[in-house]
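Take a look at the structure set out below.
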Amino acid sequence: MAGVSETDVMFEESVACFQAPGPTVTFQHLTYCVREREGIFSRKWVEKQVLKDVSGILNPGMNAIMGPTGSGKTSLLDVIAGRKDPKGLKSGRVLVDNNVVTSDLRLCSAYVVQNDILTGTLTVRENLAFSANLRLSLKEYSSSDKEMRVESVIQELGLKDCADTKIGTLYLRGVSGGEKKRCSIGMELITFPSLLFLDEPTTGLDANTANSIMELLQKLSKKGKTVIFSIHQPRYSIFRQFDHLTLMNKGEIIYAGSADKAIGYFEDSGYKCEPFNNPADFFLDVINGTITPQNHTEKLSSSDSTEEHENHLSVMYRQSPYFIKVIDQLTQISDDLDPVVKTGNRACYATPFYYQLMLVSGRTVRNILRNPQTSYAQLFLNIFFGILVGLIYYQIPHTLPEALQNRTGAFFFLVINMVFGNLSAVELFISERVLFIHENSSGYYRTSVYFLSKVFADLLPNRILPVFIFSAIPYFMMGLKLDVEAFFLYCLTMSLISLSAVSLAFLVSASVGSFAMANILIAIPFVFMMVFGGFLVNLNSMLSWMSWLKWASMFRYGYNALAVNELKDQVFTDNFTRMTGEMYLDHQEIDYSTWGFWQNQVALAGIMCTCLILAYVQLRRINRWK
Ligand SMILES: Nc1ncnc2c1ncn2[C@@H]1O[C@H](COP(=O)(O)OP(=O)(O)OP(=O)(O)O)[C@@H](O)[C@H]1O
């Protein structure tokens, strides 16, 4: 082809993929319940029906689910998209092209959430590339194919001008709300899905931006996609783009059919839509009871309550030819279904473990480099405390009593700094919780990949490197043992204290969803461990039923290891007495044999491993259902 470059051909091919026809989604007799506690302190649970025996057929095109707040729009969308907890589904099933789908659909379907969930420190192009690299199979797509896909999505969504602008964070101004929404849609379109779910795609956008987003969706639907979305109260220019409308009220469908026939349906039943009234406003007025039926045999008497009126709307729909047609078609589909339930292919990840780990770790590192305040603060804190401890205990003499008092005091101070200096680690999984849940539920990567990427990208640069700086400064300022092996063992002990403290913080971070809870939960074990650390109270004189807590204290292991490492083989004197380090350790009942020293390191490593394993288990247990 003269004048047509290879890039143009690939772009055309990519765009052509948008044209894969969308499936027909059917749902039959869906009843969905959520459990709620009866009262704040009550142990009784009550079930609330959020969807009440709803059925429908959604074909390729623009399928809107509309209704007032709390009517069940999002719940219906989520149940169809497999995003709601399957335990709540009391009856009914969802079929995609006559295949029974399970909640696995969430791993392979495209779902654009209401609040855009993107990585703020990355640009639009980088976010799209992240989605492409993880969600397009390595076997089927080369790197250049993926780049082409990203470029084609950027063009298709009109994101060219802001492609290299960062999305933005709380502290960094980025792209506009409309561009963010486009990027969120692009993150899903990158896999060229034929079925696209969107939860209130226009919420929070101004009228023009909302319109342009809906035009974009309409463009996709015209290419054969099945676009299903919930929407609250669209203006007319948006409403007229709908092909199919499902109107919901209190968990029931009150109209499902062609969008342009909806007004006629209500007018036939006596509800009058004023000229120039926005249809979306009209429907909500009908539901609210603001507009009542006129000159009609079924007109409700003025004494009818709002509840009866709402019930009347759902009964009216169930008696209408629209509903009867839907039920007939669904019965036909059920009759044609293979009695052996053929579920869709079990969803699996598009890319292998190592590849996901490389990409997710890369993003974490990039995130840290572009948002380095926490790392700088951690480093500064370590240097500051290193110098402070060094100055307080500057050149500790070998004369008693200062020799022992200052050394043991310094060790306890060092351990406290190591443990409490890592409190910032509790934010790790909390700040990204929503992003992780969204990406993990959408099949970007495995939980283990996310966990390991955090371990590699946070533990090594933020927790181990600063520890070495922190450790070296006070060691030489305090004039501790001038011996390479002793210095190395001191650094190792400090690192293990830091790592076990961070691991406990990770565990708390993975277990709760709020900073306030995390701060409380981390403070309690740290304070307990400090009390049972062996410095503030003599552990042998404690009540026996409490003293077992010393075995769980990372302060005790750290303090003991530092004391043995420094005091063993040293002699301290005053004018009349001579005391060896071993005598002091004996007196404190600290085991200074070789195993006695190493058992502390093993215990610290054990605390670290246990906390990390439990943190991973907690991450897996995070509720992903909406
Ligand atoms: N997981 C849940 N736990 C408790 N209640 C729920 C849950 N999911 C839905 N509900 C309840 O079900 C009803 C319908 O909720 P849903 O979010 O589907 O409504 P909506 O029409 O999308 O509302 P909005 O327009 O305000 O988003 C509401 O009363 C809501 O409180």
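Both counts, for ligands and for their atoms, begin at 1 and track the order of listing. Numbers for residues simply follow the sequence, beginning at 1.
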Consider every N or O of Gly70 and every N or O of ligand 1, then say whether any pair is closer than 3.5 Å. yes
Is NZ or CZ of Arg149 both nearer than 6.0 Å to the six-membered ring centre of Phe192 and within 45° of the ring axis? no
Worked check of ring-ring contact (aromatic ring centres under 6.0 Å, His included) between Tyr322 and Tyr265: CA-CA 9 Å; Tyr322 292 91; Tyr265 167 78; 5.5 Å; yes
A student checking ligand 1 against Pro68 at a 4.0 Å heavy-atom cut-off should list atoms 21 (O)
Could you tell me whether ligand 1 has any atom less than 4.0 Å away from a heavy atom of Lys84? yes
In this structure, does ligand 1 have an atom that sits under 4.0 Å from one of the heavy atoms of Gln114? no
Against heavy atoms of Glu200, which atoms of ligand 1 measure under 4.0 Å? 24 (P), 25 (O), 27 (O)
Is the ring pair Tyr317/Phe323 parallel, tilted or perpendicular, if the boundaries are 30 and 60 degrees? perpendicular
Within 4.0 Å of some non-hydrogen atom of Thr69, the atoms of ligand 1 are 23 (O), 24 (P), 25 (O), 26 (O)
Considering distance alone, does some N or O of His232 sit under 3.5 Å from an N or O of ligand 1? no
Any idea which part of Glu36 is under 4.0 Å from ligand 1, heavy-atom wise: side chain, backbone, both or neither? side chain
Would Gly72 count as being in polar contact with ligand 1, using the rule that some N or O on each side must be under 3.5 angstrom apart? yes
Using a 4.0 Å cut-off to any heavy atom of Ser75, which atoms of ligand 1 qualify? 9 (C), 14 (C), 15 (O), 16 (P), 18 (O)
What residue pairs, at least two apart or across chains, pass salt bridge (charged side-chain N to carboxylate O under 4.0 Å, His left out) with a residue in residues 173-183? Asp116-Lys181
Hey, is Gly251 one of the residues with a heavy atom under 4.0 angstrom from ligand 1? no
Any idea which heavy atoms bring Leu58 and Phe27 closest together, and the distance? CD1-CE2, 3.9 Å
Phe353 six-ring centre to Arg446 NZ/CZ under 6.0 Å and within 45° of normal: no
Please, which pairs that meet salt bridge (charged side-chain N to carboxylate O under 4.0 Å, His left out) have at least one residue in residues 311-326, sequence neighbours excluded? Asp53-Arg318
contact_flag Ser230 ligand 1 heavy-atom lt 4.0 Å: no
How about NZ on Lys222, more than 12 heavy atoms from neighbouring residues, nucleotides or ligands closer than 6.0 Å, or not? no
